[in-house]
Amino acid sequence: MYNFKEIEKKWQKYWDENKTFKVDIDENTKKFYMLVEFPYPSGSGLHVGHTRVYTASDVQARFKKSVGYNVLFPMGWDAFGSPAEQYAIKNHIHPSEVVQKNSKVFKEQMKMLGLSVDWSREFSTTDPEYYKLTQWQFLQFYKAGLAYKAEKEINWCPNCKTGLSNEDAEGGVCERCGTKTTKKLKNQWVLRMSDYAEKLIDGLPDTQFLDKVKTAQINWIGKSVGASIKFKLDGIDDDLEVFTTRCDTLYGATFMVISPEHNLLEKYKDKISNIDEIKKYQEEARCKTEIERTDNTREKTGVLIQGIKAINPINGKLLPIWVADYVLSTYGTGAIMAVPAHDERDYAFAKKFDIDIIPVIEGGDTSKEAYVGDGVHINSDILNGMNKEDAINRMLSYIEENDIGMKKTNYRLQDWIFSRQRFWGEPIPMIHCEKCGWVPVPEEDLPVVLPNVESYEPTETGESPLANIEEFVNCKCPKCGGKATRETDTMPNWAGSSWYWLRYMDPHNKNEIANEKALKYWGQVDLYDGGMEHATRHLLYARFWNIFLHEQGLVPYSEPFLKRIAHGMILASNGEKMSKSKGNVVNPNDMINEYGADALRTYEMFIGDYSKDASWSENGLKGCSKFLDRVWNLQDRISEKEEYTKEIEILINQTIKKVSEDIETLNYNTAVSALMILLNKMDELDSISKKDYRTLIHLLNPFAPHMTEEINQICSLGKELSMSKWPTYDESKIVNETYEMVVQVNGKIRGKIEVSRETSREEMLSIAKEIDNVKAYIDGKEIINEIVVPSKLVNIVIK
RNA sequence: GCAGGUGUGGCGAAAUUGGCAGACGCACUAGCCUUAGGAGCUAGCGCCGCAAGGCAUGGGGGUUCAAGUCCCUUCACCUGCACCA
């Protein structure tokens with residue numbers, strides 16, 4: 001047994017003092033940027049799920065360093081957000097104090113784990129020096145016309161009393177607290193992210209993201225190609241514009257539907273005779289939660305607008321206009337042409353309200369259901385006889401020629417609601433002057449620092465708590481010097497994480513994100529590890545942000561991340577999610593105290609496929625701890641020999657190859673198992689050479705860095721492993737001279753025999769036929785086929 | 001509904017991409033050692049069978065000398081997206 005407690009502490013101290021993992025730009029060495037999502041430093045400390053992810057990244061970083069890369073493996077804190085704020089509300093202390101305390105604990109735990117992080121690059125998104133630059137970048141968005149303030153119907157969490165972006169209210173549930181969200185009309189800062197929809201799709205082929213991550217992004221962006229068509233209003237000099245992907249069904253439109261939020265209602269309220277009824281419907285729609293509104297099993301509701309009709313531009317037919325909440329204000333133009341014969345939703349609505357259904361494509365039975373398939377167009381004048389594709393193209397040219405519409409691409413992706421009415425976020429650096437309007441805070445006045453306040457509670461009016469602090473709010477207009485007020489909204493949690501990987505490249509730079517040389521050298525993140533839950537949020541925001549910075553000439557690459565992987569979760573031993581409330585959380589500190597960091601690391605790499613969830617098993621951890629003990633105990637058996645021991649030379653070469661490839665392809669579990677196999681073989685020998693041992697511990701070093709350094713030192717096996725070049729294998733010593741030839745009769749194994757790899761096909765066959773058991777099967781039978789696979793097997797097919 | 005994924009011993013999993021299914025580990029069983037064992041060592045361990053052998057990778061079918069791997073079909077579970085016009 002080795003004393004892991006002392007040994008681990010010793011090496012952690014050594015790495016700290018010697019700055020073993022400090023990196024700098026080195027133009028002569030190829031770089032590797034290993035990034036793992038930085039944590040939110042919560043009060044509960046690390047969890048064995050975190051330690052799995054950090055260990056995997058660390059294995060990768062240590063390996064890449066050993067094979068000769070200049071590795072950037074940084075860590076920091078994503079510390080704005082709800083929990084620290086909640087804690088502050090309760091205990092009346094500034095959230096920054098909570099963050100400082102918690103991140104200290106996190107860092108200690110990471111050091112206990114033995115991560116090869118360059119701690120000189122550590123920062124928190126809540127550091128004023130950091131958020132100064134976040135604010136500065138917001139101003140760049142503003143100056144480029146990509147940040148605007150708008151009255152918008154937004155997702156609202158009644159519990160947190162704050163607005164939320166679409167991404168934060170996914171599924172109609174508040175991401176912070178789980179409360180069902182409602183809609184609220186609010187004046188918001190918004191980033192024009194939807195302008196980047198196409199770029200966000202176009203950039204994906206340049207990355208090596210996992211397919212499921214790419215697909216999730218593409219789905220979220222939701223590109224659809226169709227047409228916008230203008231319907232004239234009857235007796236009013238105005239149009240109602242709709243977006244449709246099926247302009248070929250225009251002849252089948254029998255009514256129009258607008259969303260309850262559509263501005264037509266306000267604009268022509270005087271012409272609408274049943275405006276009170278409609279107002280009531282609007283109110284109902286607003287009070288519904290997003291979940292209620294988008295439940296597609298719910299029966300359709302709606303109100304017919306009395307007094308306004310639209311005109312179908314293709315045939316001049318008058319169409320009634322309905323208000324219904326199945327049409328979303330946030331998609332397309334918030335209005336549709338309804339073709340009940342060929343759209344399920346329109347069909348359900350028409351059936352309920354007894355509206356005409358005119359089929360314009362042959363197929364299906366439109367008295368029973370909407371037919372959404374392809375087919376020959378009918379009742380469609382210029383389109384009659386055409387299929388869907390031809391009809392769409394014909395209609396597109398018709399509407400463009402006649403100026404009633406145009407080809408259009410629409411996206412589900414919305415602009416990014418960037419305002420939060422909470423205390424603990426970056427203040428949005430804008431000032432409102434009655435004379436000059438919105439004026440950006442001058443760069444030299446940044447950062448706009450979060451003040452100390454009595455109460456961090458959100459206000460009942462839906463304003464940020466900052467709004468109550470007069471000395472914060474009241475200021476002078478930077479433009480005219482007159483009386484002005486500061487914006488009191490803060491940025492969303494995702495702001496700080498939208499550029500943090502750039503900051504690691506040059507974290508102490510006071511004037512800019514990072515200097516050009518650093519940005520160029522470290523370039524793109526080579527491998528970015530994070531959870532699947534960020535595939536459509538953080539990852540989209542970060543890409544959007546980076547593409548923008550690139551367009552501004554501020555960063556050299558358009559795409560920030562080259563390769564994105566997603567890890568699985570660590571579940572409790574019964575397969576449930578670990579959670580405080582269930583009391584099944586495994587604390588890594590306890591495991592480290594009992595078995596050591598090396599054992600925990602090795603176990604978490606061995607537990608299973610890294611991309612999949614895995615159930616915790618303390619017995620499994622014990623097994624790995626035993627494995628490390630056995631590696632340690634080999635010390636008693638080393639000889640002074642300098643070369644590989646003959647019996648295991650091939651296996652050692654194979655293991656070098658296997659472990660190197662497995663780490664490269666993130667198959668950590670099989671890398672560990674290969675090392676176990678090698679150990680088992682060495683353990684059978686009476687003595688092993690120094691070279692045997694050194695190679696074993698070197699290959700094990702990324703997994704169990706402390707113990708292997710210690711062995712290396714006390715057995716004087718060579719240079720410090722963290723500073724040594726990774727072992728290489730000899731291609732000529734990968735295969736044995738002999739192999740076990742498998743002999744099958746009719747595909748069933750009937751014999752095995754050790755033969756030389758040189759054995760010819762003919763020899764293989766004749767050797768096979770001499771095996772007694774094989775003879776018993778083939779004697780007196782007619783052989784109809786003989787398959788020989790060199791270096792593998794012989795299969796004799798008999799009748 | 002659409003898109004993607006997964007399904008292999010009691011358990012976590014492997015399988016050179018069509019060539020010995022179950023490597024490695026856990027659990028379990030027997031034995032050794034020990035005053036003791038939540039230590040260590042040895043052996044066994046998919047299922048049926050005394051054995052020879054047979055059967056086995058969710059189910060069914062197919063291609064092939066040979067299928068966990070390829071094709072068709074079906075079931076189950078999981079993850080995205082979803083009244084997106």
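Note that the coordinates shown come from a computational prediction; the quantities given were computed from them, not determined experimentally. Labels below follow one simple rule: chain letters A, B, ... track the order of the sequence lines, proteins then strands, and each chain is numbered from 1.
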Whole-angstrom distance between [N] and [M], as gauged at atom [atom1]:
{"N": "U8(B)", "M": "C77(B)", "atom1": "C1'", "result": "16 Å"}
{"N": "C70(B)", "M": "G19(B)", "atom1": "P", "result": "11 Å"}
{"N": "A67(B)", "M": "U57(B)", "atom1": "C1'", "result": "11 Å"}
{"N": "G22(B)", "M": "U35(B)", "atom1": "P", "result": "41 Å"}

Which listed nucleotide ([options]) is nearest to the side chain of [X]?
{"X": "Thr670(A)", "options": "A21(B), C83(B), A14(B)", "value": "A14(B)"}
{"X": "Phe606(A)", "options": "C26(B), G25(B), G19(B)", "value": "G25(B)"}
{"X": "Ile677(A)", "options": "C41(B), A23(B), A85(B)", "value": "A23(B)"}
{"X": "Ser673(A)", "options": "A23(B), A85(B), G38(B)", "value": "A23(B)"}
{"X": "Val742(A)", "options": "G38(B), C20(B), C24(B)", "value": "C20(B)"}
{"X": "Phe243(A)", "options": "C65(B), A85(B), G12(B)", "value": "A85(B)"}
{"X": "Leu793(A)", "options": "G19(B), C26(B), G53(B)", "value": "G19(B)"}
{"X": "Asn795(A)", "options": "A14(B), C65(B), C20(B)", "value": "C65(B)"}
{"X": "Asn619(A)", "options": "G25(B), A14(B), C26(B)", "value": "C26(B)"}
{"X": "Arg750(A)", "options": "G53(B), C83(B), A14(B)", "value": "G53(B)"}

**Prompt:** ring-ring contact (aromatic ring centres under 6.0 Å, His included) between Phe349(A) and Phe255(A): does it pass, once the steps are laid out?
**Reply:** CA-CA 10 Å; Phe349(A) 194 84; Phe255(A) 60 105; 5.6 Å; yes
To the nearest Å, give me how far apart [atom1] ([X]) and [atom2] ([N]) are.
{"X": "Ile229(A)", "N": "A85(B)", "atom1": "CD1", "atom2": "C1'", "value": "11 Å"}
{"X": "Asp609(A)", "N": "A15(B)", "atom1": "CG", "atom2": "C1'", "value": "14 Å"}
{"X": "Asn667(A)", "N": "C24(B)", "atom1": "CG", "atom2": "P", "value": "18 Å"}
{"X": "Glu661(A)", "N": "U17(B)", "atom1": "CD", "atom2": "P", "value": "11 Å"}
{"X": "Lys388(A)", "N": "A85(B)", "atom1": "NZ", "atom2": "P", "value": "11 Å"}
{"X": "Met532(A)", "N": "U6(B)", "atom1": "CE", "atom2": "P", "value": "14 Å"}
{"X": "Glu618(A)", "N": "G12(B)", "atom1": "CD", "atom2": "P", "value": "18 Å"}
{"X": "Glu604(A)", "N": "C24(B)", "atom1": "CD", "atom2": "P", "value": "23 Å"}

**Message:** How about NZ on Lys775(A), more than 12 heavy atoms from neighbouring residues, nucleotides or ligands closer than 6.0 Å, or not?
**Reply:** yes
**Prompt:** Within a radius of less than 6.0 Å around NZ of Lys352(A), do more than 12 heavy atoms belonging to other residues, nucleotides or ligands occur?
**Reply:** yes
Phosphate oxygens OP1/OP2 of [N]: is one of them under 4.0 Å from a side-chain N or O of [X]?
{"X": "Asn669(A)", "N": "G12(B)", "value": "no"}
{"X": "Thr536(A)", "N": "G80(B)", "value": "no"}
{"X": "Lys748(A)", "N": "C20(B)", "value": "no"}
{"X": "Asn633(A)", "N": "G40(B)", "value": "no"}

**Prompt:** When you check the glycosidic angle of U17(B), does it come out syn, meaning within 90° of 0, or anti?
**Reply:** syn
**Syn/anti state for G9(B) [syn: chi within 90° of 0]** = syn
Across all strands, who's sitting opposite [N] as a Watson-Crick or G-U wobble pair, both distances under 3.5 Å?
{"N": "A36(B)", "result": "none"}
{"N": "C45(B)", "result": "none"}
{"N": "G68(B)", "result": "none"}
{"N": "C77(B)", "result": "G5(B)"}

**Prompt:** Closer to the 5' end of RNA chain B via nearest nucleotide, is it Arg412(A) or Asn746(A)?
**Reply:** Asn746(A)
**Prompt:** Mapping Asn773(A) and Glu740(A) onto RNA chain B by nearest heavy atom, which one lands closer to the 5' end?
**Reply:** Glu740(A)
**Message:** With hydrogens left out and only the distance checked, is there a donor-acceptor pair under 3.5 Å joining Asn785(A)'s side chain and the base of C65(B)?
**Reply:** no
**Asked** With distance as the sole criterion, do the side chain of Lys792(A) and the base of C20(B) form a donor-acceptor contact below 3.5 Å?
**Response** no
**Prompt:** With distance as the sole criterion, is a donor-acceptor pair present between the side chains of His534(A) and Glu37(A) under 3.5 Å?
**Reply:** yes
Could you tell me whether [X] contacts a base, only the sugar-phosphate backbone, or nothing, with contacts defined as non-hydrogen atoms closer than 4.0 Å?
{"X": "Gly623(A)", "answer": "sugar-phosphate"}
{"X": "Ile787(A)", "answer": "base"}
{"X": "Glu786(A)", "answer": "nothing"}

Should [X] and [Y] count as an ion pair when the cut-off is N to O under 4.0 Å?
{"X": "Arg246(A)", "Y": "Asp343(A)", "result": "no"}
{"X": "Lys657(A)", "Y": "Glu661(A)", "result": "yes"}
{"X": "Asp529(A)", "Y": "Arg564(A)", "result": "no"}

**Message:** Tell me whether Arg750(A) forms a cation-pi arrangement with Tyr777(A), defined as NZ or CZ under 6.0 Å from the six-membered ring centre and within 45 degrees of its axis.
**Reply:** yes
